[in-house]
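Note that ligands are numbered from 1 as they come in the structure, with each ligand's atoms numbered from 1 the same way. Position 1 is the first residue of the sequence; numbering continues from there. This one's a predicted model, so the numbers in the text were calculated from it and none came from an experiment. All values below come from the heavy atoms of this structure, side chains included, with hydrogens, waters and symmetry mates left out.
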Amino acid sequence: MSRRTVSILGATGSVGTSTLDLIERSPNRFEVVALTAAKNVAALADAARRTGARLAVIDDASLLGELQGRLAGTACRAETGSEALAEAAAGEAEWVMAAIVGCAGLEPVMAAVGAGRTVALANKEALVTAGGLMIEAARRSGATILPVDSEHNAIFQCLASNCSSDVSRLVLTASGGPFRTHGREEMAAITPAQAVAHPNWSMGAKISVDSATMMNKGLELIEAHHLFGLPSERISILVHPQSVIHSMVEYIDGSTLAQLGSADMRVPIAHALAWPGRMETPVEKLDLARIGSLTFEEPDGDRFPALGLARQALEAGEAQAVVLNAVNESAVAAFLAGRIGFLDICRLVEKALARTASTAPASIADVIEIDRGSRLLAGELMREIAA
Ligand SMILES: NC(=O)c1ccc[n+]([C@@H]2O[C@H](COP(=O)([O-])OP(=O)(O)OC[C@H]3O[C@@H](n4cnc5c(N)ncnc54)[C@H](OP(=O)(O)O)[C@@H]3O)[C@@H](O)[C@H]2O)c1
């Protein structure tokens, strides 16, 4: 059997290293072509050496010399810049893991999609900001987009071999994050260290804060709309604190299919890596007798306004989704840097949406322009709330 050629965009992050872990356990199945990172030159070079990658791309150009030095004596080319990133995304690999965090991943994802690759999509912000354009580009190029976000991967699995026109509703489950039972007053004092400590999942800092505000579930609502083509009113959110059921599909006949598994990203990543087959993973199998009970509750939109803001942005049109995402990214970075409070994140998003007209970006250049403008607006709004 020939090995599947793979590239990993964002190879040094949480999803990237989980993907590498699975690939390195199955060297007979996968051949690594390209790996990329932003700044973590040591981890990037180390992974490139271990896997025999042919191309390593570092986003921070000042680190190129160090990357070259660390890769000396190997056949791996060290590069920087957007062309090299596009080469990593759309070059020789047939399968591409999109695991850059934030809208920074949009252009490489579009390069992979435009080149007709099989794209394992973790980078939800790319889909949130340019979902319509991305799905249309995939239709034209013949690219396959495999959802890696555990919820969307679960829905993808539950839809398999069923007719999507028979679906009545998608149910995205949510752990509720570390502050599920906190009151608003307690939330005002939340620190970055508390916000990144997720009760069930081990993830990068940005998505951990998004889970704490529940903006993550809001982004996933928009993501589900683009991936599965259902309107906002047919996608619901259900809090399920144990994170055992990763999402569900309800059918018109009253059947509901769910996908269950341990809270370990290697499960959905393995599904995408081996798709349309399956592969073994070292992930602990579920012991439902030990878990004992699964519980569910409605999300609280008053304590978690991000859910309503995301639904509002989805219903208002694609420009609003770009603004929601960009202002959230800026606000999360400011929160992690200790410059704003936890509750300010959603306050800023709400203010920015109120100042945005509903338009539909016609191209990726339009999306990038709206993203850039929204980050400037986020800066202005932060100065306003600090005054
Ligand atoms: N972690 C999870 O369990 C999980 C689950 C579902 C979905 N996702 C989604 O997957 C994506 C990645 O999440 P993560 O938790 O793995 O993030 P992460 O741990 O922060 O890793 C991000 C990766 O992207 C690289 N990167 C960051 N900024 C970049 C830029 N401007 N240009 C190029 N590369 C850049 C980082 O490089 P450096 O290491 O050099 O900074 C790193 O390799 C996010 O969109 C997230 O929402 C994650």
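Distance alone, capped at 3.5 Å, places no donor-acceptor pair between the Glu297 side chain and the Val239 backbone. Checking side-chain atoms of Asp264 against main-chain N and O of Arg266 turns up a donor-acceptor pair under 3.5 Å. In this structure a side-chain-to-backbone donor-acceptor pair under 3.5 Å is present from Ser168 to Glu250. At least one donor-acceptor pair closer than 3.5 Å links the side chain of Asp287 to the backbone N or O of Arg290. Panel note: side chain Arg303, backbone Arg180; a donor-acceptor pair is recorded below 3.5 Å. Side-chain atoms of Arg4 never come within 3.5 Å of backbone atoms of Glu94 as a donor-acceptor pair (strictly under, hydrogens ignored).
At a 4.0 Å cut-off, at least one heavy atom of Glu125 sits close enough to ligand 1 to count as contact.
Between the choices Ser202, Ala38, Ala126, the shortest heavy-atom distance to atom 34 (N) of ligand 1 belongs to Ala38. Between the choices Ile58, Asp60, Ile100, the shortest heavy-atom distance to atom 11 (C) of ligand 1 belongs to Ile100. Of the candidates Val15, Asn216, Ile8, it is Val15 that places a heavy atom closest to atom 16 (O) of ligand 1. Proximity annotation for atom 39 (O) of ligand 1: of Val41, Leu219, Thr12, Leu63, Thr12 comes nearest, heavy atoms only.
Between the side chains of Thr5 and Glu92, no donor-acceptor pair is found at a separation under 3.5 Å. A donor atom on one side chain and an acceptor atom on the other are found under 3.5 Å apart for Arg311 and Ser232. Side-chain contact, Thr51 with Glu24: no donor N or O sits under 3.5 Å from an acceptor N or O. In this structure, a donor-acceptor pair under 3.5 Å is absent between the side chains of Thr12 and Asn40.
The nearest heavy-atom contact from the protein to atom 17 (O) of ligand 1 is Val101 CB, 4.0 Å. From the protein, the heavy atom lying nearest to atom 8 (N) of ligand 1 is Ile207 CD1, 3.6 Å. Nearest to atom 12 (C) of ligand 1 among the protein's heavy atoms is Ala99 O, 3.4 Å. Summary of contacts: the protein heavy atom closest to atom 9 (C) of ligand 1 is Ala122 O, 3.0 Å. Closest to atom 47 (O) of ligand 1 among all protein heavy atoms lies Lys124 CE, 3.2 Å. Closest protein heavy atom to atom 1 (N) of ligand 1: Ser14 OG, 3.2 Å. When hydrogens are left out, the protein atom nearest atom 15 (O) of ligand 1 is Gly204 N, 2.9 Å; that is the closest non-hydrogen contact. The shortest contact between atom 6 (C) of ligand 1 and any protein heavy atom is with Asp149 OD1, 2.9 Å.
Nearest heavy atoms, Val167 versus Arg234: O-NH2, 2.7 Å.
Residue Asp59 touches ligand 1 through its side chain alone, judged by heavy-atom distances below 4.0 Å. Counting heavy atoms closer than 4.0 Å to ligand 1, residue Ala205 contributes nothing at all. Here Ala104 has side-chain heavy atoms under 4.0 Å from ligand 1, and that is the only part of it that gets that close. Proximity of Met265 to ligand 1, defined as any heavy-atom pair under 4.0 Å, is confined to the side chain (atoms from C-beta onward).
Between Gly10 and ligand 1, at least one N/O pair is under 3.5 Å apart. Residue Gly13 has at least one N or O atom closer than 3.5 Å to an N or O atom of ligand 1.
In the vicinity of Asn123, heavy-atom distances shorter than 4.0 Å reach the ligand 1 atoms 45 (O). Less than 4.0 angstrom separates some heavy atom of Asn40 from each of these atoms of ligand 1: 39 (O), 40 (O). For ligand 1, the atoms sitting less than 4.0 Å from at least one non-hydrogen atom of Lys39 are 38 (P), 40 (O), numbered in the order shown with element in parentheses. Heavy-atom proximity to Ala11, at under 4.0 Å, picks out these atoms of ligand 1: 43 (O).
The pair Arg139-Glu136 counts as a salt bridge, with a side-chain nitrogen and a carboxylate oxygen less than 4.0 angstrom apart.
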Quiz item: Given the rule in the side chain to side chain contact (heavy atoms under 4.5 Å, CB included) test, do His152 and Lys124 qualify, once you have shown the distances and angles that lead to the verdict?
Solution: CA-CA 10 Å; His152 306 77; Lys124 66 188 79 183; over 6 Å; no

Quiz item: Taking it one step at a time, do Leu55 and Val33 satisfy side chain to side chain contact (heavy atoms under 4.5 Å, CB included)?
Solution: CA-CA 6 Å; Leu55 173 65; Val33 174; 5.7 Å; no

